[in-house]
Number of protein chains: 2
Amino acid sequence: MNMNEIAKIAGVSNATVSRAFRTPEKVRPELKEKIFKIAAENHYVYNASAADLKRRVSNTVGVLFQQRIGAVFSKTFMAIQETLLEKNISVIIGHTQFKPEVESQLLQQFLERQVAGIILSGFTKENKTLIKKFSSQGIPSVIIWEILKGSDFNYVGIDNHNAAFKATEYLIGLGHRRIGLLIGPYQKMERIQNRYDGYKDALTKNKIEIDQSIVISSELGFLQGKEAMHRLLKAADRPSAVFAASDYLAMGALKAIKEAGMKVPKDISLMGLDDAEFAAYCDPPLSTVRGPAREIGKIAAKILLEIKDEPGLPPKQYCLDSDLIIRDSCAPHF
Amino acid sequence: MNMNEIAKIAGVSNATVSRAFRTPEKVRPELKEKIFKIAAENHYVYNASAADLKRRVSNTVGVLFQQRIGAVFSKTFMAIQETLLEKNISVIIGHTQFKPEVESQLLQQFLERQVAGIILSGFTKENKTLIKKFSSQGIPSVIIWEILKGSDFNYVGIDNHNAAFKATEYLIGLGHRRIGLLIGPYQKMERIQNRYDGYKDALTKNKIEIDQSIVISSELGFLQGKEAMHRLLKAADRPSAVFAASDYLAMGALKAIKEAGMKVPKDISLMGLDDAEFAAYCDPPLSTVRGPAREIGKIAAKILLEIKDEPGLPPKQYCLDSDLIIRDSCAPHF
DNA sequence: AAAAATTATGTATACGTATACATTTGGATA
DNA sequence: TATCCAAATGTATACGTATACATAATTTTT
């Protein structure tokens, strides 16, 4: 059952049937109803593959994540999908697990499926080349959760440097001078690098020397945070505060501190970043920095929709505010 | 640039080019290399839409989630994608937000995109009809995280009744007789209903009367768990233990208990279900029941691949074991 | 009421691939 | 060397839609 058969039954041409589905305003109401009725009676299913082929682009957007869809990205992703669903656009998703070959394979899939656009969480040197490949094919892309000042990419995210800077200055403002850092894989992820820099710049601005012995980089995760914190606790001249540049690391650190028989914030202050869903519910509730996760997804999706309607516009770049969320995990230090 | 043009340059027929890509073993090695070389030089991109149209099925699987991709589903989803990636199958994803109209729209998308199969997390009366629509079109479906004994659906999940039963009996075994229940929206989700039943059957088997006043149903979430627990704490004849049939509810409950100035497990025992990622890291670490989240995703994907190769097999049904995870949130009661 | 402008519908074809069927090639067998 | 068989390649077409262009029907304008 296809449009031709419906056309035959309805006594109209296939063009009219096609119009009834894609541009209903161009078909006389009664005729349209008749066509829909026949379609329904015959269990007709619109064939998107055929339409995609003919139109040379699919009603589909590819979303690429580097890591697991965790507490934060989940919200962004939901917003992306909800926004695109309004235009009946499907979402193809892929996570790269940080593996360049997986990343290539997924982007190749997107290309072959004629996606109308791509959304990339995170920016890597590898995918820079790949993104160019998309734009050379006229496929718009948006990078999320990352700010790429001075580039001509579309992006929407928070200023990670500033978020980490704010968090660090908050601790300094509480009187802390010796502040440890738990940081993710900054070599692999631009935004983690930015957070690292934000921490360093905050210390420098306040004339505090950076001590690499209380900076620990690890993968993102509870376990990694716990292990890193245990190492920090063993350090000579233990820090009075720790900034974990991801709530996952912070939650793991929290556990390590408790295991060592100490209390947060009495014995040590702990600051997170991301405002993961569990941050408000751990004990003590974690002070952190929150980015507008849903907003980011929504804007990213809208950017794609706008470019679709009007290609060739200058790059759209959004740097959204992040908010310091003060809870109970940091105390003054004298 | 398409296969015809490549064929022209290579001096072969388009059929040979097509074979070089889809069934490379049918093309002489040197010729194949030549074709690939020309394709690469001309930045050729395989057009999946055209192939989908011709083959009348796409290299795509649709995955439908009811709720946010949280701590547990995330793992399942990752496993699905990894498994399908091996066969270069793309994943279209959608979450229904429990809205029947969204569910219909997404499934309609899947249908129109000629998906090779669908994976559904959760089973509802609404989607039962829709699933039938898929099978009538010859599209296989797998339901995950749900056991549908006696049906002819493909499914892979844990026995939710048994998981809740185990958890409840564990508390009873510790001497608790008055056990509160925090339960999700059991009217909407079959597996939550099963958990509810598991709780009730465990009590009944142990000759404990069910007291509706200490059973609270709410949406799934930290906040909802906290609020429900606060209500439970105000109850006359407060329970000595609470079974939260989702770790999200349990984590919220934990907070409520602390806010009330009580300690877990000294003053009240708390049992979760799901083994969400944060369960091991909250304070105290939460005793819970763990289902094989990755395994479920992996098997679901494999079922689809098997059916693809050999349609018409009897339904594949997997009921996987769940494990009681004893941590520190439950204490004996005398 | 005729002409013009607008709207609705029809005709015909292309999108790029997969594959049934036909043909050729190359090597093995007798 | 003639015959046969398998492997490699070619020919031709269909998959179902969208749309440019042509035409017919309807409304608006004069």
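Proteins come first, then strands; the chains are lettered A, B, ... in the order of their sequence lines, and each starts at number 1. Keep in mind the model is a prediction, meaning the values are calculated, not measured.
In summary, A:D52 and B:R113 engage in a salt bridge, as defined by a charged side-chain N under 4.0 Å from a carboxylate O. We find that B:E219 and B:K188 are joined by a salt bridge, their nearest charged nitrogen and carboxylate oxygen being less than 4.0 Å apart. The pair A:E41-A:K37 meets the salt-bridge criterion, with a side-chain N (NZ, NE, NH1 or NH2) lying under 4.0 Å from an Asp/Glu carboxylate O.
The CZ-C1' distance, from A:R28 to D:dA25, rounds to 10 Å in whole Å. Regarding B:L31, its CG atom lies at a distance of 15 Å from the C1' atom of C:dG26, rounded to whole Å.
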* To do: Quick one, give me the B/S/- string for nucleotides 15-24 of chain D, reading 5' to 3', where B means a protein heavy atom under 4.0 Å from the base and S means that only happens at the primed atoms, P, OP1 or OP2.
  => BBBBBB----
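Contacts of A:T96 classified as side-chain hydrogen bond (donor to acceptor under 3.5 Å, both in side chains), with partners at least two apart in sequence or in another chain: none.
Side-chain N/O atoms of A:Q105 and A:E101 include no donor and acceptor closer than 3.5 Å.
No engagement by A:V17 is indicated, since no non-hydrogen atom pair under 4.0 Å with the nucleic acid exists.
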